[in-house]
Amino acid sequence: MIFDYPPKVVAIVEARMSSSRLPGKHLLLANGKPMLHHLIDRLKKVSSIDTIVIATTLNNADNVLVDLANLLGVDIYRGSELDVMGRVEEAAKAFSADVVCEVTGDCPIIDCELIEQVIQTYLRNNASYVNNGLNGLPDGMGAQVFSYNALKQSAEMTKEPLDREHVTLHIRHHPELFPSIYLVAPRALSWPELGLTLDEENDYQFLKKIIEALAPTNPFFSCHDIIHFLQSSPHLLEINKTVVRKGDS
């Protein structure tokens, strides 16, 4: 969507401590920092993002995420655990978002430049929704960008539990209502079988190896850097190759 004024871009990160497969995963350490800290630092490097919000739940277990948000100087919103769509929509409204950049807390090593590319694609085209994570990039490198108005409209149209659990599923299923752009990964970054999300213990061990190998010399290593590193150390791919990925957001 093209705006007549500079829009406010709000990055909203969904995170909670009660993951069924890896409880407390956002605070697991790599190179001396919690995984969610790595993600927030990367979002801070994206010049088009005006505000960063961690959207968590009202559960007491998530109080530690409020503490982390305060430590990192980012905002927090607390809402429904199960109605993730509602939580994100309310967070966007609370922080006056014109544009939402949605990233899940499971993506601690997402590429800053790829996020910037998605935002710029959205801002420069007359679309309601832009996604870069469905056409070739490794799992964990994807971001979604959409207008607050599109999310609000979508939220008003559906009460289906699956839609409410997966924030943009309804938008993606209705391109006739929400014109969409799906970016295709360049050949050098195309590796869709590669799992770089934090879902299970083996993912943590895998991501920890990557972070501790690359971050000391370049804290904001890119997707290209990750691929080059793994191509030179293919034995590491064995660590999490059996992890089964669940549905997207």
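All values below come from the heavy atoms of this structure, side chains included, with hydrogens, waters and symmetry mates left out.
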**Report entry** Side-chain (N125) to main-chain (A127) donor-acceptor, under 3.5 angstrom
**Finding:** no
Report task. Assign the ring pair H228 / H224 to parallel, tilted or perpendicular, where the plane angle (0 to 90°) is split at 30° and 60°. Result -> parallel
Query raised in the report: Any ion pair linking R164 and D83 (charged N to carboxylate O, less than 4.0 Å)?
Result: yes
**Report entry** Any donor-acceptor N/O pair, S180 side chain to F178 backbone, under 3.5 Å
**Finding:** yes
Query raised in the report: Are V88 and F95 connected in the hydrophobic side-chain network, where two residues link if heavy atoms are under 4.5 Å apart?
Result: yes
Query raised in the report: Looking only at side chains, do E81 and N59 share a donor and an acceptor under 3.5 Å apart?
Result: yes
Query raised in the report: Once the angle between the rings of F146 and Y129 is folded into 0 to 90°, is it parallel (under 30°), tilted (30 to 60°) or perpendicular (over 60°)?
Result: parallel
Query raised in the report: Is the backbone N or O of A155 less than 3.5 Å from a side-chain atom of H170, with the two atoms forming a donor-acceptor pair by type?
Result: no
Query - Side-chain donor-acceptor contact under 3.5 Å, Q117 with E113 - result: no
Query raised in the report: Looking only at side chains, do N149 and S147 share a donor and an acceptor under 3.5 Å apart?
Result: no
Query raised in the report: In terms of side-chain geometry, is the basic nitrogen of R245 or D199 positioned less than 4.0 Å from the acidic oxygen of its partner?
Result: yes
Report task. May I ask whether W191 and L189 are part of the same hydrophobic cluster, defined by side-chain heavy atoms of I, L, V, M, F, W, Y residues being less than 4.5 angstrom apart, directly or through others? Result -> yes
Query raised in the report: If only atom types and distance count, is the side chain of R87 paired as donor or acceptor with the main-chain N or O of T57 below 3.5 Å?
Result: no
Query raised in the report: With distance as the sole test, does R42 use its side chain to make a donor-acceptor pair with the main-chain N or O of F221 at under 3.5 Å?
Result: yes
Query raised in the report: Just wondering, do I210 and L196 contact through their side chains at under 4.5 Å, heavy atoms?
Result: yes
Query raised in the report: Is it true that E89 and K152 have a side-chain N and a carboxylate O under 4.0 angstrom from each other?
Result: no
Query - Transitive ILVMFWY side-chain link V46 to M141, under 4.5 Å - result: no
